[in-house]
Amino acid sequence: MDNTVTWFEVATADPGSAERFYGGLFGWTFARDEGPLDYRLIGYPAGGQPAGGLFNTRGEFPDHAVFHVQVADVEETCRQTEDLGGKVVTKVIDDGAGTDFAYLRDTSGSLFGVFRRRS
């Protein structure tokens, strides 16, 4: 599934408000992820894909909603992004639960993420 959008994320410093909003609007449900971050997995009334999560930024990142592309090598994708005129917003981050990820901007400034699961 490399080079495919397989995840989306809603990130906010007020996850309770986001749960109420998206839950009320779309019927989404939220279940606490067991990893080290304050992350809630999003469920849909009828199931389905792409999978998504709600991330509590604790004010450390700007609020955002973004798609994530699964890649074979996050560091190489960061290098290619810069070679193609994009920007690396955050270098490779290890989430402590077996996933490396980075936030990037395309040539028009749009934010997106890339990730690789090590396990």
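Keep in mind the model is a prediction, meaning the values are calculated, not measured.
Y44 and L25 fall within a single hydrophobic cluster, where Ile, Leu, Val, Met, Phe, Trp and Tyr side chains are chained together by heavy-atom contacts under 4.5 Å. L37 and I42 are not part of a single hydrophobic cluster, where members link through side-chain heavy atoms under 4.5 Å apart. Hydrophobic clustering keeps F26 apart from W7 (ILVMFWY residues linked when any side-chain heavy atoms are closer than 4.5 Å, directly or through intermediates). Hydrophobic clustering, with ILVMFWY side chains joined whenever heavy atoms are under 4.5 angstrom apart, groups V10 together with F30. Grouping the Ile, Leu, Val, Met, Phe, Trp and Tyr side chains by contacts below 4.5 angstrom, directly or via other members, places L104 apart from F8.
The heavy-atom pair separating F115 from H68 by the smallest distance is CD2-CB, 3.9 Å. Considering every non-hydrogen atom in both T12 and D63, the closest pair reads CA-OD1, 3.2 Å. The two residues L54 and P15 come nearest to each other via the heavy atoms CD2-O, 3.6 Å. Across all non-hydrogen atoms, the minimal contact from G113 to V66 is N-CG2, 3.9 Å. Residues V74 and D100 share a closest heavy-atom pair of CG2-O, 3.7 Å. Closest of all the heavy-atom pairs between A102 and C78 is CB-SG, 3.7 Å.
At a threshold of 4.0 Å, the pair D73-R116 does not count as salt-bridged, since none of the basic side-chain nitrogens sits closer than that to a carboxylate oxygen.
Separating the CG atom in N3 from the OG1 atom in T77 is a distance of 7.0 Å, to the nearest 0.5 Å. Within the model, atoms CD of Q70 and CZ of R117 stand 6.0 Å from one another, a figure rounded to the nearest 0.5 Å. Atom CZ of residue R40 and atom OG1 of residue T29 lie 13.0 Å apart, to the nearest 0.5 angstrom. Rounded to the nearest 0.5 angstrom, L41 CG and E34 CD are separated by 9.0 Å. Interatomic distance, CG of N56 versus CZ of R32, reported as 8.0 Å (0.5 Å rounding).
The aromatic rings of F101 and Y103 sit perpendicular, their planes meeting at an angle over 60°, well past the 30° parallel limit. A parallel orientation is assigned to the rings of F67 and F112, their planes being inclined by less than 30° (bins at 30° and 60°). Using cut-offs of 30° and 60° for the angle between ring planes, the F55 and F61 rings count as tilted.
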- prompt: Taking it one step at a time, do T4 and V69 satisfy side-chain contact (heavy atoms from CB on, under 4.5 Å)?
  reply: CA-CA 5 Å; T4 302; V69 177; 5.7 Å; no

